[in-house]
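Taking it in order: structure first as C-alpha cells, then the write-up.
Per chain, numbering begins at 1; letters A, B, ... match sequence-line order.
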Amino acid sequence: MIMDQSEHKTGHFGPFGGQYVPETLMPALEELEQAFNYCWADTHFRNEFDKYLRDYVGRPSPLYYAERLTRHCGGARIYLKREDLNHTGAHKINNTLGQALLAKYMNKPRVIAETGAGMHGVATATVAARLGLECDVYMGREDIHRQAPNVRRMEYLGANVLPVDTGSGTLKDALNEALRDWVGSVQRTSYVLGTVAGPHPYPLMVRAFQRVIGDETYEQIARHENDLPAAIIACVGGGSNASGIFQAFQQESQVKLIGVEAGGSGLETGKHAASIGGGRLGVLHGSKSYVLQDDYGQIKPTHSASAGLDYPGVGPEHAYLHEMQKAEYTVVNDQEAVDNFDLLCRLEGIIPALESAHAVAEAVRRAPRMRPDEYLIVNLSGRGDKDMSAVDEFRNAQKKEDANSE
Amino acid sequence: MNRIDETFSRKSRTNSKTLVMFLPAGDPDLATSAELIKNIADAGADIIEVGVPFSDPTADGPTIQAASQRALRAGTTLPRIFEMIREVRKEISTPLILFGYYNVFFNYGLEAFARDARQAGVDGLLVVDLPPEEADEVYPALEEHDLHLIPLLAPTTSSERRHKVLRKAGGFIYYVSVTGVTGVRAAVPSDLAEHLKQIKSETALPTVAGFGVSTPDMAREVVQYADGVVVGSALVKTIAEAESREAGLNSARQFVRSLAEAVSPG
C-alpha cells in the first residue's frame, strides 16, 4: 500500500484522483464505497468472490515461460502471466465479477458498462448473465465496427449493446454515455466501470479486484525462479491490468514496474493515446490525472489500433506512480504492437490482444539488453481473437500508404 | 456587492421571483451569443448562465451536447468568452454566471481564471462536476475576486450531504430538480415541492430549481416552491430551430418574455 489511511478516505493519490462528478452521483459513489468497504472485509463475500474466480473464471492463470520468444530475443528470460486464459479471454472479468457481486449486495437489478475493445463489455455481460442482472453496454460506433465479434458475444449473453455516436465514437464517448445513463438511473443501476480510472472509489476498488493477478504471480515465481523478476511489464490504457499486477511488487525496490502506453502513429504525430507520455494534468471522467487535451482544456481525440487503449486519460494511481518515479511509463506505437502481435503468434502459438502486444513489444525491446540470469514478466492481459480484423485493417491501410508513396 | 446578491435582495424586497436563463456561449458563434444575452436580459431574464462548452459534457442531454459541439466547432474558447462578456457588460447589468465543467476552468489556471472572469464582468461560477469535496482549491481565488461558487443539490442528495453543501454555499442554491441529465421534460417532478421545502428550511440563501423546465406553465409551477427557476435546453431548442439569426433573436425574446411574465406576473 502506498497511501496512508487519510488518503484512502478521500480517494486521492497525491494530487491525483478525487470525485469530480455531478452532485446527483455523489450519493451513489458513497453507497458504492460503503458497500465495497463492507464486502471487501467480509469473509463470506471474499469466499464467494474467490470461489467464482477459481471455478468460473478458471484462476489461477498460469505463469508461462516463453522459451522461443526468449531465444529469439537473446538476453533476459521472458515469462507471460496468462490472463488471456481466463473465462471471456482477459483480465477484465476479475473486476466485473467483483462489481456485479457488489451490485447484488446493493440490491441493484441492473448494471451498465462502457466498453472499448469489447472485452470489458463481454466480461460484464457474462457475470450479469450468471448473476441474473439486466445489462446495458455502451460502445462507440467506431469500436462496434472494429470489434464486431465481441458485439455478437454480448448479444448472445443477453446484454443490450447501445451504440454511441457522439464525439469520436470510441471508449471515452461510451464512458460519457454510461455516466449520463447512470445520472438518470442511479437508484436501480450500478455502473460497472472497467478500469482504475473514474471517480473514487473506482480506482481503489478496481485495483482491489485485480490484485489477484499480482498476488498469484508472486506465488508462482517460486516454482520457476529463485529471485524476483527484474521487471514487470503491462500495457496501460486506463491501467487496470497494470495496477493488478504491479501491486504485489510495489514494495520490492529491485523490481522495475513498467507501464506501456499506446503510441498510435507516434507521439510526434499527435495521433496517439499516451496520456502520461503526452498529456497534462486535468480532470476527466471524475478524477484528476494526466489527460490528453488541447490548450483550452478540451479533450483531444485519441488514436490507437487497439480499441482498449484508445482513451485520453489514465488511472490516477498511475499518474502518481509516474510522478513519484515508482513506475516507469513508456510508449509503443501501432506498428511495433502489430509486429509483436505477429511474433507471439508465430513463436509461442499465442494470439495476444493488441493491447497486450504493446507490453510484449516492450519486453522484446528490453530483453536483449539484459543478462540471461535476469527475467521479465509480461502481463498478457487478453487474447487477440477479437483483433484479427483490426490487424488486417492496419496492414491494408499500411499497404495503401506504401503504394501511395511509391 | 456582488450583482447576484443585489438581484436576490431586490427580488426579496419586492417579493418577486427570479428567472434564470441558460445560454451556451458560442452557439453558433460568439457574436450571436452577445446579441442573445443582451436580448434575453432585456426581455426579463434576471440572471444569465453562460455555458462554457466542453468536449465531454457528461451531465448534459442531447440538446446541450449538440450546442456545445457547435460552439467548439466555431472555435469558442474561454479567453474568447471573456472578451465577449467584457463587451456585453458595457450594456447590461444582469448578473452573469459561467456554467461548465471543471477541466476548462482548471486548465486556465484558477487564479488567472478568477481574475480574468471578474475583470470581464462575471459574477459567479457553476461547475457541474465539482462537488464540495473537491472545491477547496478553488475558493481562495474566487473569494479574492468576489465570485460566487453556486452549489448544486440533487433529489438524491442525503440530508448529511446537504449540510456539507450548504455550509460552503454562496449566492444561491441550484436545485437540480430531476435525477438525470439536462433536457426538456414534460412535467415538473412530483417530489419537487417536498425537496425545496426541506432545503429552504435549512438555508437562508435563495433556492432556484432547474433541469427539465421548458414552458411558462412549468416555470410558474416551480416558483410556487422556489425563489427562482432556470430554463436552458428549451431556449437552446427555440433558437436552434429558428430559420435565421434575426428569427432566433426574436423567438428568444418572446420565449423569455413569456417566461418572465409567468414567473413574475405584472
Side-chain angles (χ1 to χ4, degrees), chain A residues 9-12 15 17-31 114 164-168 172-189 198-200 280-289 291-301 312-313, chain B residues 52-62 65-66 68-69 71-72 75-81 100-109 113 127-137 151-158 160-162 164-165 174-183 211:
Chain A
K9 232 180 164 138
T10 53
H12 287 85
Q19 294 180 301
Y20 297 86
V21 297
E23 176 60 28
T24 310
L25 292 182
M26 286 299 289
L29 294 176
E30 274 178 9
E31 182 189 6
E114 83 295 337
V164 177
D165 285 311
T166 49
S168 50
K172 108 182 147 88
D173 308 292
L175 224 156
N176 288 341
E177 217 45 50
L179 281 170
R180 287 183 191 117
D181 180 316
W182 202 31
V183 170
S185 64
V186 57
Q187 284 100 339
R188 64 183 302 268
T189 300
H200 176 67
R280 267 187 298 120
L281 188 62
V283 173
L284 176 66
H285 294 147
S287 65
K288 201 182 265 181
S289 185
V291 175
L292 292 170
Q293 53 187 318
D294 71 11
D295 291 347
Y296 301 102
Q298 306 296 340
I299 307 309
K300 276 194 194 168
Chain B
V52 176
F54 181 48
S55 52
D56 296 78
T58 49
D60 283 302
Q65 282 178 49
S68 306
Q69 284 304 315
L72 290 174
T76 308
T77 62
L78 194 49
R80 287 190 187 147
I81 292 172
Y101 292 82
Y102 190 49
N103 196 52
V104 178
F105 307 122
F106 176 74
N107 173 72
Y108 195 93
F113 166 77
V127 191
V128 188
D129 55 352
L130 189 72
E133 282 81 353
E134 305 296 344
D136 283 347
E137 69 181 8
L152 294 146
L153 289 175
T156 52
T157 307
S158 64
E160 204 177 41
R161 277 197 58 72
R162 209 162 47 231
K164 202 187 283 185
V165 174
Y174 189 131
Y175 176 66
V176 176
S177 61
V178 296
T179 305
V181 294
T182 59
F211 276 44

Under 4.5 Å from a heavy atom of chain B, the part of A:Asp181 involved:
neither

If we count only N and O atoms by modelled type, under 3.5 Å, do the side chains of B:Thr182 and B:Asp60 hold a donor and an acceptor together?
yes

Counting only heavy atoms closer than 4.5 Å, note whether B:Gln65 contacts chain A via side chain, backbone, both or neither.
side chain

Sort out for me which of B:Val181, B:Val104, B:Thr77, B:Leu152 touches chain A most, counting heavy-atom pairs under 4.5 Å.
B:Thr77

If you tally heavy-atom pairs under 4.5 Å against chain B, which of A:Val291, A:Leu281, A:Val186 wins?
A:Leu281

Could you check whether any side-chain heavy atom of B:Ile81 comes within less than 4.5 Å of a side-chain heavy atom of B:Pro53, counting everything from C-beta outward?
yes

Identify which of B:Pro151, B:Ser55, B:Ala154 forms the greatest number of heavy-atom pairs closer than 4.5 Å to chain A.
B:Ser55

Chain A interface, residue from B:Leu78, B:Thr157, B:Val176 that has the most non-hydrogen pairs under 4.5 Å:
B:Thr157

Go through the atoms of B:Val127 and report whether side chain, backbone, both or neither lie under 4.5 Å from a heavy atom of chain A.
neither

Can you tell me which of A:Glu177, A:Gln187, A:Lys300 forms the most heavy-atom pairs within a distance under 4.5 Å of chain B?
A:Gln187

Using atom types as modelled and distance alone, determine if a side-chain donor or acceptor of B:Ser177 lies under 3.5 Å from a backbone N or O of B:Phe211.
yes

NZ/NE/NH1/NH2 to OD/OE distance under 4.0 Å, A:Glu30 and B:Arg161:
yes

Can you list everything that forms a ring pair (Phe, Tyr, Trp, His ring centres under 6.0 Å) with B:Tyr102? Sequence neighbours excluded, please.
A:Tyr20, B:Phe106

Decide yes or no for B:Val128 and B:Phe54: does some side-chain heavy atom of the first lie under 4.5 Å from some side-chain heavy atom of the second?
no

